[in-house]
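Computed from a predicted structure; not experimentally measured. Letters go in sequence order (proteins before strands), and every chain restarts at 1.
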Amino acid sequence: MEIWFHLANVLYVASYLVTDILWLRVLAVAGGLSSLTWTLTAPTPSLTFIGWTLVYNTINMVQIARLWHERRPVRLDSAAQVLYAAAFRTLTPREFQRLLAAGRWDDAPPKTILIKEGTSPGRMLVLVSGHAVVKASGREIATLGPGQFAGEMSYLTGAQTTAAVETAEPVRLVSWATADLERLLGRHPELRAALQLVLGRDLATKLGGDRGRA
Amino acid sequence: MHGARQVDGILTRLPELERLGVAVILVGHDHPDALDAFVREMGLARPGLTVVTDPSRAIFRAAGLQRPRMLGPRAAVETLRELAAGYRPERASGDRRQLGGACLVDRATRVVYHRSSRSPGDLIDPADIVHAALALLVQERAAGRRV
């Protein structure tokens with residue numbers, strides 16, 4: 001059935017003409033299936049040809065699934081939506097979802113020490129709801145609200161904390177182990193750049209506008 | 001072409017670096033005429049950016065940047081990668097074997113970040129410089145409230 005052979009080649013030509021990698025792979029798979037049909041309907045099907053076509057098509061189908069998964073629209077639940085609006089608007093929803101997947105959601109009652117003074121917390125956190133106070137030597141020096149980070153200064157400098165963070169009311173938060181975060185950001189440089197922008201803005205708010213030359 | 005790609009990377013983070021109070025100085029080693037052409041082509045005549053050249057490469061030596069005896073096959077692979085990314089070969093008048101790097105210096109002229117390239121295409125990740133600048137900002141401004 002020569003028609004299958006011609007159809008396969010038309011599909012291959014079409015795949016070479018498109019620039020979108022997903023469509024290129026879809027058309028290539030369709031071409032491969034058409035080729036398979038052609039060889040299976042031939043009087044003496046070539047097993048070598050069938051084998052290699054199956055290899056190509058399997059690789060393409062795995063990549064199609066991966067691309068399709070990456071392109072699906074991102075739907076955030078209401079808590080994540082609130083956090084996104086409060087702190088992460090410079091990230092794309094996909095980047096934000098990736099970041100959230102590496103973090104841990106927690107609820108903390110009032111008077112919980114989230115970060116101890118004089119330690120390497122090994123975690124960075126952001127408040128989703130509620131307030132926390134920053135205390136240095138027992139003295140309250142700042143208040144943190146939804147969308148604000150804690151532990152990010154130690155994360156950036158690698159130094160020990162010089163203040164503690166304690167919840168002032170029931171708090172919902174997301175935290176990341178710094179090692180997990182580093183691994184994630186190492187795999188996704190674009191996310192690293194976007195998170196730096198977020199942290200830079202948070203620091204600018206906390207440290208005030210009086211910034212000299214570094 | 002590696003220089004152009006490196007500069008493009010820095011330019012994307014330039015506003016952020018500026019906000020963090022970092023003055024960016026790009027140092028080349030081409031002849032001044034070649035540098036002028038590079039500045040025009042890359043659109044580097046802009047606020048917040050200083051471009052200088054040091055054909056003697058004294059700055060490069062002082063910064064401990066490498067200059068290998070020969071560029072190996074890795075350099076060829078990196079060149080192909082740059083071509084694939086849309087960069088074309090430059091007619092550089094400087095020393096082709098001189099590798100690049102980056103330093104971040106604080107107000108007390110202490111080097112707080114230093115990175116030396118190991119091959120022509122081993123570019124400095126601008127995110128590393130931003131990270132170092134953020135850390136420096138915290139160290140300089142957050143005394144007593146670092147959490």
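Put simply, CG on B/Leu137 and OG1 on A/Thr157 are 11.5 Å apart, with the number rounded to the nearest 0.5 Å. The structure places CG of A/Leu156 at 11.5 Å from CG of B/Leu136, a figure rounded to the nearest 0.5 Å. Atom CZ in B/Arg19 sits 6.0 Å away from atom CZ in A/Arg201 (nearest 0.5 Å).
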Could you walk me through whether A/Leu185 and B/His131 satisfy the side chain to side chain contact (heavy atoms under 4.5 Å, CB included) test, starting with their C-alpha distance in whole Å, then the side-chain angles of each, then the deciding distance to 0.1 Å, before giving a yes or no? CA-CA 12 Å; A/Leu185 301 183; B/His131 188 102; over 6 Å; no

Worked check of side chain to side chain contact (heavy atoms under 4.5 Å, CB included) between A/Gln196 and B/Arg13: CA-CA 10 Å; A/Gln196 283 178 337; B/Arg13 307 300 297 270; 2.6 Å; yes

Just do the side chain to side chain contact (heavy atoms under 4.5 Å, CB included) check on B/Val130 and A/Arg192 with the steps written out, would you? CA-CA 10 Å; B/Val130 173; A/Arg192 187 179 183 212; over 6 Å; no

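In B/Arg97, the CZ atom is crowded: over 12 heavy atoms of neighbouring residues, nucleotides or ligands sit closer than 6.0 Å. Within a 6.0 Å radius of CZ in A/Arg75, no more than 12 heavy atoms belonging to other residues, nucleotides or ligands are found. More than 12 heavy atoms of other shown residues, nucleotides or ligands fall within 6.0 angstrom of atom CH2 in A/Trp105.
The nearest pair of heavy atoms linking B/Glu16 to A/Ala193 is OE2-O, 4.3 Å.
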